[in-house]
Amino acid sequence: LGRRAGRRHQRRGSRYERVGARLLKKRGYAVVGEQVAGLAHVIVDGERLETTIYADFVVEKRGARYVAEVKGGALRSATRERTRRQLLEYGLVFDVDGLLLVDVIEKSVVEISFGYEAPP
């Protein structure tokens with residue numbers, strides 16, 4: 001059951017990414033990379049550990065470069081914890097001008113940025 005569900009999830013993700021690529025192109029973005037790898041480093045007790053982060057797409061429009069994350073289903077909101085953290089990580093790892101969230105259900109592409117305020 002686990003393997004079957006995993007394959008189904010992979011197929012759905014691949015389908016979402018194909019739809020997402022079409023949506024991005026329709027809105028004037030040029031896809032310059034798919035499943036683009038970026039390196040992140042985590043320092044644990046002074047030991048530097050390296051991990052690879054994969055972004056769905058790197059796209060360009062009007063001279064600006066963006067990481068685009070494609071979502072469908074329950075995770076398509078930037079306020080969902082998992083999605084928010086993923087986008088934040090992309091912003092730290094990739095040298096881009098902005099972040100995009102592609103919602104294949106609503107057929108939308110929105111730019112995401114972050115702002116934080118410390119509690120009083």
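A pairwise comparison of heavy atoms in A64 and D97 identifies CA-OD2, 3.3 Å as the closest pair. Of all heavy-atom pairs spanning V31 and E34, the tightest one is CG1-CG, 4.0 Å. The minimum heavy-atom distance linking V93 with A40 is given by the pair CG2-CB, 3.9 Å. In plain terms, the two heavy atoms of A68 and V102 that are nearest each other are CB-CG2, 4.3 Å. Across V19 and K107, no two heavy atoms sit closer than the pair CG1-NZ, 4.4 Å.
Under a hydrophobic clustering in which Ile, Leu, Val, Met, Phe, Trp and Tyr are joined whenever their side-chain heavy atoms come within less than 4.5 Å, directly or via other members, V110 and L24 fall into different clusters. One hydrophobic cluster holds both L100 and V104 under the rule that ILVMFWY side chains link at heavy-atom gaps under 4.5 Å. In the hydrophobic clustering of ILVMFWY residues, with side-chain heavy atoms under 4.5 Å counting as a link, L101 and V109 come out apart. Two different hydrophobic clusters hold V32 and Y29 under the rule that ILVMFWY side chains link at heavy-atom gaps under 4.5 Å.
With values rounded to the nearest 0.5 angstrom, Q86 atom CD is found 11.0 Å from L99 atom CG. In this structure, CG in L92 is found 11.0 Å from CG in L87, a value given to the nearest 0.5 Å. Interatomic distance, L88 CG to S113 OG, rounded to the nearest 0.5 Å: 11.5 Å.
Looking only at side-chain heavy atoms (C-beta outward), F57 and V70 come within less than 4.5 Å of each other. You'll find the side chain of E17 reaches within 4.5 Å of the side chain of Q35, heavy atoms only. The closest side-chain heavy-atom distance from E89 to I53 is below 4.5 Å. Put simply, the side chain of R65 does not reach to within 4.5 Å of the side chain of V59, judged on heavy atoms. Taking 4.5 Å as the limit, every side-chain heavy atom of L49 sits out of range of all side-chain heavy atoms of I43. Counting heavy atoms from C-beta outward, F94 and V36 have side chains that approach closer than 4.5 Å. The side-chain heavy atoms of Y16 and I105, taken from C-beta on, include a pair separated by under 4.5 Å.
Side-chain atoms of R84 come within 3.5 Å of backbone N or O of T79 as a donor-acceptor pair. Y90 places no side-chain N or O within donor-acceptor distance of the main-chain N or O of V96, the cut-off being under 3.5 Å.
Contacts of R27 classified as salt bridge (Lys or Arg N to Asp or Glu O under 4.0 Å), with partners at least two apart in sequence or in another chain: none.
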Check the pair E81 / R85 against salt bridge (charged side-chain N to carboxylate O under 4.0 Å, His left out), numbers first and verdict last. CA-CA 6 Å; E81 183 177 324; R85 287 180 178 178; 3.0 Å; yes
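Salt bridge annotation for E69-K71: present, with a cationic side-chain nitrogen under 4.0 angstrom from a carboxylate oxygen.
Ring geometry for F114 versus Y116: interplanar angle under 30°, hence parallel rather than tilted (30 to 60°).
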